[in-house]
Amino acid sequence: MRLKVFVYGTLKPGECNYQSYCADKVVEAKKAYTWGELYHLPLGYPALTQGNRKAIGFLLTFADEGVLERLDELEDYHPQRSPQENEYERHKLLVYDLSGEPLGEAWGYLMALEKVRQLGGVLVPSGWWTTIGY
């Protein structure tokens with residue numbers, strides 16, 4: 001079974017972590033969106049919270065489900081830890097192509113709004129985060 005992950009930050013094609021974590025493992029990368037609120041963090045990367053705006057990124061499809069373990073490490077997510085100890089929580093997200101057609105569920109990493117506020121997150125109204133301009 002193929003692994004699908006929705007990425008909106010440093011794991012997107014062209015961003016700093018794509019090459020190390022995804023490039024040689026991705027079998028398909030499709031521009032897509034999910035619903036949420038996208039924030040730029042002063043740490044230099046974004047966070048997605050639950051919400052009702054379009055958060056634009058990529059739906060990455062991997063042939064090997066083992067990739068998820070490395071992504072969890074990058075996102076400081078450990079399933080056995082409490083949500084307060086994790087930086088992000090991994091959730092199943094509904095993902096859509098840019099014309100609004102459903103693409104199904106994919107894993108994605110969300111941050112609690114309280115944590116975003118503690119870190120000084122700034123809403124990205126366009127829903128598209130990139131390191132260019134930050």
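- The nearest pair of heavy atoms linking Pro83 to Lys115 is O-NZ, 4.0 Å.
- For CD of Glu69, the number of neighbouring non-hydrogen atoms (other residues, nucleotides, ligands) closer than 6.0 Å is 12 at most.
- Leu68 and Val27 end up in different hydrophobic clusters when Ile, Leu, Val, Met, Phe, Trp and Tyr side chains are linked at under 4.5 Å.
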| query | Where do Val122 and Tyr39 land on the side chain to side chain contact (heavy atoms under 4.5 Å, CB included) test, with the steps shown first? | reply | CA-CA 5 Å; Val122 177; Tyr39 291 85; 5.7 Å; no
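- Qualifying side-chain contact (heavy atoms from CB on, under 4.5 Å) partners for Ser126, counting only residues two or more places apart in sequence or in other chains: Val124, Trp128.
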**Prompt:** Does the side chain to side chain contact (heavy atoms under 4.5 Å, CB included) test come out yes or no for Leu123 and Leu38, once each step is laid out?
**Reply:** CA-CA 6 Å; Leu123 183 68; Leu38 192 59; 5.8 Å; no
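- More than 12 heavy atoms of other residues, nucleotides or ligands sit less than 6.0 Å from atom NZ of Lys92.
- Applying the ring pair (Phe, Tyr, Trp, His ring centres under 6.0 Å) criterion to Phe58, with sequence neighbours excluded, gives no partner residue.
- Looking at residues two or more places apart in sequence or on another chain, you find a side chain to side chain donor-acceptor pair (under 3.5 Å) between Glu89 and Asn86.
- Residues Lys31 and Ile56 are in side-chain contact: their nearest non-hydrogen atoms beyond the backbone lie under 4.5 Å apart.
- Residues Val26 and Thr61 have side chains not in contact (no heavy-atom distance under 4.5 Å, counting atoms from C-beta outward).
- The salt bridge (charged side-chain N to carboxylate O under 4.0 Å, His left out) search around Arg117 returns none, not counting sequence neighbours.
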(request) Just do the side chain to side chain contact (heavy atoms under 4.5 Å, CB included) check on Arg2 and Asp64 with the steps written out, would you? (result) CA-CA 7 Å; Arg2 299 206 165 182; Asp64 177 14; over 6 Å; no
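- A cation-pi arrangement, defined by a distance under 6.0 Å to the six-membered ring centre and an angle within 45 degrees of its axis, is absent between Lys25 and Phe62.
- Between Leu60 and Cys22, the closest side-chain pair of non-hydrogen atoms falls below 4.5 Å.
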* To do: Would you check, one step at a time, whether the test side chain to side chain contact (heavy atoms under 4.5 Å, CB included) holds for Thr34 with Leu48?
  => CA-CA 10 Å; Thr34 192; Leu48 181 65; 3.9 Å; yes
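- Shown here are the side chain to side chain donor-acceptor pair (under 3.5 Å) partners of Thr10, two or more places apart in sequence or in another chain: Asn17.
- Applying the salt bridge (charged side-chain N to carboxylate O under 4.0 Å, His left out) test to residues at least two apart or on different chains, none of the pairs has a partner in residues 4-24.
- Under the rule for a salt bridge (charged side-chain N to carboxylate O under 4.0 Å, His left out), the partners of Glu37 that lie at least two apart in sequence or sit in another chain are Arg53.
- Pro46 and Gly9 get closest at one heavy-atom pair: CG-CA, 3.5 Å.
- Between Tyr33 atom OH and Leu59 atom CG the span is 13.0 Å, to the nearest 0.5 Å.
- Legend: residues meeting side-chain contact (heavy atoms from CB on, under 4.5 Å) with Glu85, ordered by chain and number and at least two apart, are Arg81, Ser82.
- Between Trp129 and His40, the closest heavy-atom pair is NE1-ND1, 2.8 Å.
- Scanning for side chain to side chain donor-acceptor pair (under 3.5 Å) contacts around Tyr18 gives an empty result, with sequence neighbours left out.
- Under the 4.5 Å side-chain criterion, counting only non-hydrogen atoms from C-beta, Glu87 is in contact with Met111.
- Here Glu114 pairs with Gln118 under the side-chain contact (heavy atoms from CB on, under 4.5 Å) rule; sequence neighbours left out.
- Of all heavy-atom pairs spanning Gly120 and Pro42, the tightest one is O-CD, 3.5 Å.
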Which atom pairs, donor and acceptor, lie under 3.5 Å between side-chain atoms of residues 94-110 and protein residues at least two apart or in another chain?
from   : atom 1 : to     : atom 2 : distance (Å)
Asp97  : OD1    : Ser99  : N      : 3.0
Asp97  : OD1    : Ser99  : OG     : 2.8
Asp97  : OD1    : Gly100 : N      : 3.1
Asp97  : OD1    : Glu101 : N      : 2.9
Tyr109 : OH     : Asp72  : N      : 3.4
Tyr109 : OH     : Asp72  : OD1    : 2.5

